[in-house]
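Report on the structure given below.
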Amino acid sequence: MSSFRSYEDPAQDIPTEDILEQFGSDPAPRRRHQLKYKNGECFVAEEDLVQNYPKQRSFHHSCNAGPLLHEAEAANSAVLSFDAYAEEDGIDEEIHRIRIFKINYHLNDDTVTVNEPFVDNTGYLHGRIFRRQKVPAPNRIGKPYIHWSDLNVGSDVNLFQTICRITSCDGFTRNFLEEHGIKVNEDEELPEDPWLVGRRGAPRTAPKLPDQREFINRPPMLVYRCCWLDHMNDFHGCRMKRIFKMFVYCTDHTVALIEETKEFEGQLFLKRIAIPFPTQPEMPRRDYRWWDIRPGVWVDVFCRPMFVYECANDETKSFIRQQFGETDFANYSSQILEDGPPPTQFFNSPAILKFRCTMVDAPSVLYGLHFILEYDVNRRLVNISEEGRKTWTEGRVFLKDVDASTFSENQFAPGRILQFFKWRFNLVQSSLETDKYLRWKQTPSHK
């Protein structure tokens, strides 16, 4: 016969006489509890035992706000909602901020949820600050966590070391607190954030310098006029001045030429093509870019030195004036063409213009320091770093990739004062390569 117990025989589940003598009758019937718990509070299970077990008020002994914490009128999903703000001190309006919060107190588990409404372009990560957490009370003796009786309009509450001022509450919260013996104060007005006030009012940035202008987008095509002394013609060896209209396409850096010389007007001299840049034999080939061509510059068009002397339309003139300043050579002298391009000509601006500068009205922590300013001519960006122990060496980065589209190239010269954000820099000295380029711009063809 198998030693395993069979569950098919119900008689085997009946307790034996020895068990009944030792433990009494059938242990199935249990004593009913006289107390019960509901929503974290203790209640008397039977009404006839109320005189023996008086009804409690709340586990928070310092709360004298009325009946139990969670009664029938406060459903498990009931939430007390408050509007509050926190003030962050700072030295100016960039740091001194007023942050608005929404505080929700959950009655079913005495937890708190804090949310911050979204505000555009403030630099803060808005949204939920924390969700359904019990907030420790400042003085935890006798009451470890913040209770709903601690929240009232016009009072301050410490939420994890952030002092929030409660300014208002919704209708349900006001009724709930007043029914439990708490007098709710009148609503207060939310203070305005200085940063938002600055955005609605006058611009917070410093006024632009007189030589800073509104930014003009680059046109898709730049149109110039250029001239060339042709000594390879059939006019008995005389040097004939030929005038062309030059179309520079900014999308692919190609160039087209249409002649405007008398009796040759409208003839296509050069179809749209990329012009190779004159370089040394050992240097790799590169083509002209749109920023290499502007009034006052010699352009080598397949061994034909052409002098660009003016802009052919107003759109090109406005853009070139913004980028390079006044560059109109319409009244150039014939001697410029006779002399030809200078032997040490810079066909285009250096990729980087480098200057040594100091800060104007520098704070005490930056007083006496020198900075290295680098202007990327092609990308129109400025990088500023502290000068190292040796002259012209770069140290820690101060400003990186600052948009300098509103500045023209002529503004970057020793003795000029340029402002980036709230910092003003005095250009004291230029590097050797930059100084050569600036001296070349002072040649007679550029005066």
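The structure places CG of L427 at 10.5 Å from OG1 of T434, a figure rounded to the nearest 0.5 Å. Taking CZ of F355 as the start and CD of Q429 as the end, the distance is 11.0 Å to the nearest 0.5 Å. In this structure, OG1 in T316 is found 14.5 Å from CZ in R294, a value given to the nearest 0.5 Å. Between the OG1 atom of T111 and the CD atom of Q133 there is a distance of 9.0 Å, given to the nearest 0.5 Å. With values rounded to the nearest 0.5 angstrom, I275 atom CD1 is found 7.5 Å from Y288 atom OH. Distance CE/M246 to CG/L270: 8.5 Å, rounded to 0.5 Å.
Residues D435 and R439 are paired through a salt bridge, judged by an N-O separation under 4.0 Å between the basic side chain and the carboxylate. Salt bridge annotation for D110-K134: absent, with no cationic side-chain nitrogen under 4.0 angstrom from a carboxylate oxygen. Under 4.0 Å is where a charged nitrogen must lie from a carboxylate oxygen, and between E433 and K354 no such pair does.
Sequence neighbours left out, the pairs with a member in residues 245-257 that pass side-chain hydrogen bond (donor to acceptor under 3.5 Å, both in side chains) are D252-T254, D252-R272, T254-R272. The side-chain hydrogen bond (donor to acceptor under 3.5 Å, both in side chains) analysis of residues 156-166, with sequence neighbours excluded, yields the pairs D156-R165, R165-E188.
The aromatic rings of Y105 and H147 stand perpendicular to each other, their planes meeting at an angle above 60°, with 30° marking the opposite boundary. Between W290 and F319, the ring planes are tilted. Angles from 30° to 60° get that label. The aromatic rings of F307 and W298 sit tilted, their planes meeting at an angle between 30° and 60°. Aromatic ring pairs are classed by plane angle as parallel below 30°, tilted from 30° to 60° and perpendicular above 60°; the pair Y375 and F412 is parallel.
Side chain to side chain, D170 and T173 meet the donor-acceptor criterion of an N or O pair below 3.5 Å. A donor-acceptor contact under 3.5 angstrom links the side chains of S405 and D403, judged on distance only.
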Taking it one step at a time, do V135 and F130 satisfy side-chain contact (heavy atoms from CB on, under 4.5 Å)? CA-CA 10 Å; V135 180; F130 60 86; 4.2 Å; yes
Could you give me the CA-CA distance, side-chain angles and deciding distance for L151 and I182, then say whether side-chain contact (heavy atoms from CB on, under 4.5 Å) is met? CA-CA 10 Å; L151 307 177; I182 298 179; over 6 Å; no
Start with the C-alpha distance between L353 and E409, add both sets of side-chain angles, then the distance that settles side-chain contact (heavy atoms from CB on, under 4.5 Å), and finish with yes or no. CA-CA 9 Å; L353 299 181; E409 184 181 310; 4.1 Å; yes
I would like to know whether V157 and I103 meet side-chain contact (heavy atoms from CB on, under 4.5 Å); could you show each step before the answer? CA-CA 10 Å; V157 58; I103 301 176; 4.3 Å; yes
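Counting only distance, with no hydrogens or angles, the side chain of E189 and the backbone of P191 share no donor-acceptor pair below 3.5 Å. A distance-only check finds a donor-acceptor pair linking the side chain of Q411 to the backbone of S408 [under 3.5 Å]. Looking at S385, its side chain never comes within 3.5 Å of a backbone N or O of F398 through a donor-acceptor pair. Of the possible donor and acceptor atoms, none in the side chain of N104 sits under 3.5 Å from a partner among the backbone N and O of T113.
In this structure E394 satisfies the salt bridge (charged side-chain N to carboxylate O under 4.0 Å, His left out) test with no other residue, sequence neighbours excluded. With sequence neighbours excluded, no residue satisfies salt bridge (charged side-chain N to carboxylate O under 4.0 Å, His left out) with R389. Legend: residues meeting side chain to side chain donor-acceptor pair (under 3.5 Å) with N115, ordered by chain and number and at least two apart, are absent. With sequence neighbours excluded, the residues forming a salt bridge (charged side-chain N to carboxylate O under 4.0 Å, His left out) with K102 are D83, listed by chain and number.
Residues Y85 and F101 place their aromatic rings such that the two centres sit no closer than 6.0 Å.
Open room surrounds CZ on R131; 12 or fewer heavy atoms of other groups in view lie less than 6.0 Å from it.
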